[in-house]
Protein chains: 2
Amino acid sequence: MHHGANAPSPAGGPERGPRASDGPPVHGARPTMKDVAARAGVGLKTVSRVVNGEPGVLPGTAALVQRAIDELGFRRNDSARQLRTGRTAGIGLVMEDVADPFYSLLNGAVEEVARSHGSLLFTASSEDDPRRESELALALCSRRVDGLIMVPAAEDHTYLLPEIAAGLALVFADRPPVGLTADTVLVDNAQGARDGVAHLIAHGHRRIGYIGDSSRIYTSTQRLSGYRQAMAEAGAPIDESWIALGPSDQARVGDALDHLLDPRREYPITALFTGNNRLTVAVLRELAERQRAQRVTGVPTPGGTPGLALVGFDDFELADLLTPAITVVAQDPAGLGRTSAQLLFARLAGDGSPPRHIVLPTVLVPRGSGELPPPD
Amino acid sequence: MHHGANAPSPAGGPERGPRASDGPPVHGARPTMKDVAARAGVGLKTVSRVVNGEPGVLPGTAALVQRAIDELGFRRNDSARQLRTGRTAGIGLVMEDVADPFYSLLNGAVEEVARSHGSLLFTASSEDDPRRESELALALCSRRVDGLIMVPAAEDHTYLLPEIAAGLALVFADRPPVGLTADTVLVDNAQGARDGVAHLIAHGHRRIGYIGDSSRIYTSTQRLSGYRQAMAEAGAPIDESWIALGPSDQARVGDALDHLLDPRREYPITALFTGNNRLTVAVLRELAERQRAQRVTGVPTPGGTPGLALVGFDDFELADLLTPAITVVAQDPAGLGRTSAQLLFARLAGDGSPPRHIVLPTVLVPRGSGELPPPD
DNA sequence: ATGAAAGCGCTAACAC
DNA sequence: GTGTTAGCGCTTTCAT
């Protein structure tokens, strides 16, 4: 399934012998508009007009030019165009991780909107590292993207002030900026968590654990505060040892569960609220493992929640097919991306109104795990 | 973003009123190297040297320049740089859908490699539409990306010949190109499917259904051929009505299952092989629904496979937590992306060897659903 | 309807 | 060590 090495012949022409004046691409040489103009026997500007579909070219001339374009395999150099026009028809998206299901949906929605506006999209993953975030954001600024959508990781975004002043359109998604005011699209994290926890309470739970993301992260503290609100509203006291914040990796979650489900606890928790999809999945995996390994903690409910009721923030694929199916507080990552991108393009189209602040609602999706009653 | 139109003052000069000669950004005006040079009282080239970390600048001068840079909020214009150097330090990735879990993992791996080489990544989704694929690919070529990784949808890639001739580095991932020879990284689809089906056969099945993607798609036909091979090797005759090819949407899969599980069949299938992750999930969802609705087809195994053994091509998150857990033929989307990207950057670094053709192995992951015995 | 000239902001090649 | 000059390929402006 491989041929010769570097076929010198580009296709279409008799190879060997540099050929006189036909056959498209000569290796390594990018034809320019000047080349096309020379070949078509017209002026440079006429080529430009044809390439850009500008009016004021006789059909015959246009055809001539088009033929030269095809023969030469010409493709307009957008770097040069950008330098001249100042517009790149490209936008940037900086977020935690393109490979994460939540962010990949956001990414997809942004891309869709960008496409509909004729823009291409640079996507970059910050890995939630503030330094990397600013590196990437500034690299995109050097590229002179027309606009930037950021899911910020940093705790200070003043480094973007010069860019904004210079005309960068900027929208923050999922988390607000720090140190400056800009368009922001958020999810109602507190209300969502509150709904989720209230749901558990409505099903008879009073001792509810909370496994959340690091308190460094905006959404995490918002969700925790929703948890506290729901508990307070129900008059349910919170034992601070029920709250476990930290990274979303399996090991940390395992430790947190060990602590939360410690059989020596006098009043064990009967329900659990998890602060994001990765935590929810990690919890499910831990519970399943515990069940396989020890078959001890409570009634081994099939699917991994040993009698423990569970509601998770974020929906995730297959949540509905687990046993029991997992009740979640669903956000709309695609909606987040779409809204942010639409806002960005509105700015690029000249919308000069004051910075907007949009909050998207969440939806509680009962599926089973959140409706399990307490053991009692 | 909005605000005043064209500030006539380039920056740095006293623009009447606001500040005399300090404070970074003057609105709307992007400072250039020339501005920085003027402000620092040095030549243009010296600024260039400092910005690019080139040697041959006295520390004192460099500090002077750096100060001017910071004060002005200067950021190098990469469009101009690219025009001059011919390199964009950017690569492109065209694939079906960034939001798909499989592709988002591939995307993440490509991005990681790009980053390690100092490149930014354009990602574009073709939606499996040939025209869109070529539009996007050519748009990226206009941007003069240094290289392009494509998961092709089109059936003809000759449109890329001029670009290759002009120096574009090009790697095809997951599916081979048509009409030209280029670096290609594939997965051993036939062998993987063969392994999966052989696994079912080893567990006593002889009547095995196959739900696959449209035969338009390369990987789909490869996998189907693996299915046929495994059956042939076992001397198991194939009833062509067991094979259902088509799109991966829920409705189509539902229809296919209706047909496959038709209770009027004299010899019903006892096992099913699904051709990709979306099909597998769609099947699981359909089976779960049937179980809820009718509780008829076979023994209602918890989790949705009513006695039907199931092996799916592609791993997917939570496959291990379903009941029964789903046996899969796992490919490595990240490996696919990483390998492709490494190959691309090797080319960009000057590797001029003949086009390479890499095939990555699959791994059978037994989890339960593929080890269910036939009802008999 | 068409073209010639100027210049976008930068770097490469040389001066000094 | 530093500055000057020339252009990268295109669009803009203004002639014709």
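Since this is a predicted model, take the numbers as computed values, not measurements. The figures here come from the full heavy-atom set of this structure, side chains too, leaving out hydrogens, waters and symmetry mates. Letters go in sequence order (proteins before strands), and every chain restarts at 1.
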For this session: Would you indicate what Leu83(A) reaches in the nucleic acid, counting non-hydrogen atoms under 4.0 angstrom: base, sugar-phosphate, or nothing?
Result: base

For this session: For the pair Arg39(A) (side chain) and Arg67(A) (backbone), establish whether a donor and an acceptor sit closer than 3.5 Å, ignoring hydrogens and angles.
Result: no

Exercise. Given dG9(C), dG3(D), dC10(D), which nucleotide is nearest the side-chain atoms of Asn77(B)?
Worked result: dG9(C)

Exercise. What about Arg84(B), does its side chain sit under 3.5 Å from the base of dG9(D) through a donor-acceptor pair?
Worked result: no

For this session: Write down the distance between CG (Leu44(B)) and P (dC10(C)), rounded to a whole number of angstrom.
Result: 8 Å

For this session: Describe the nucleic acid contact of Ser79(B) in one word from base, sugar-phosphate, nothing, applying a heavy-atom distance below 4.0 Å.
Result: nothing

Seminar exercise, completed: Exactly one of Leu136(B), Val110(B), Val98(B) clears side-chain contact (heavy atoms from CB on, under 4.5 Å) with Leu93(B), and that residue is Val110(B)

Exercise. To the nearest angstrom, how far is Leu64(B) atom CG from dT2(D) atom P?
Worked result: 10 Å

For this session: Specify the residue among Lys45(B) and Val47(A) whose closest nucleotide of DNA chain C lies further upstream toward the 5′ end.
Result: Val47(A)

For this session: Find the distance Lys34(A):NZ to dC8(D):P and express it as a whole number of Å.
Result: 6 Å

Exercise. Would you say the side chain of Arg49(B) and the base of dG3(D) hold a donor-acceptor pair, judged only by whether the two atoms sit under 3.5 Å apart?
Worked result: yes

Exercise. Do NZ/NE/NH1/NH2 and the carboxylate oxygens of Arg87(A) and Asp78(A) come within less than 4.0 Å?
Worked result: no

For this session: With heavy atoms under 4.0 Å as the rule, sort Asn52(A) into base, sugar-phosphate or nothing.
Result: sugar-phosphate

Seminar exercise, completed: DNA chain D nearest-nucleotide lookup for Val42(B) and Phe74(A): closer to the 5′ end is Val42(B)

For this session: Write down the distance between CZ (Arg81(A)) and P (dG9(C)), rounded to a whole number of angstrom.
Result: 17 Å

Exercise. The side chain of Thr61(B) lies closest to which of these nucleotides: dA4(C), dA6(C), dT2(D)?
Worked result: dT2(D)

Problem set entry | Donor-acceptor contact below 3.5 Å, side chain Asp351(A) vs main chain Ser353(A) | yes

For this session: Grab the CD-C1' distance between Glu54(A) and dT13(D) for me, whole Å please.
Result: 13 Å

For this session: Using only side-chain N and O atoms of Ser48(A), determine if any of them is under 4.0 Å from OP1 or OP2 of dC10(D).
Result: no

Exercise. Between dT12(D) atom P and Gln82(A) atom CD, what is the distance in whole Å?
Worked result: 13 Å

Exercise. If you check every side-chain atom of Leu58(B), which of dT2(D), dT11(D), dT2(C) has the closest atom?
Worked result: dT2(D)

For this session: To the nearest Å, give me how far apart CE (Met33(B)) and C1' (dC8(C)) are.
Result: 14 Å

Exercise. Is any NZ, NE, NH1 or NH2 atom of the basic residue among Asp128(B) and Arg175(B) found under 4.0 Å from an Asp or Glu carboxylate oxygen of the other?
Worked result: yes

Exercise. Quick one: is Thr46(A) getting a side-chain N or O under 4.0 Å of the dG3(C) phosphate, OP1 or OP2?
Worked result: yes

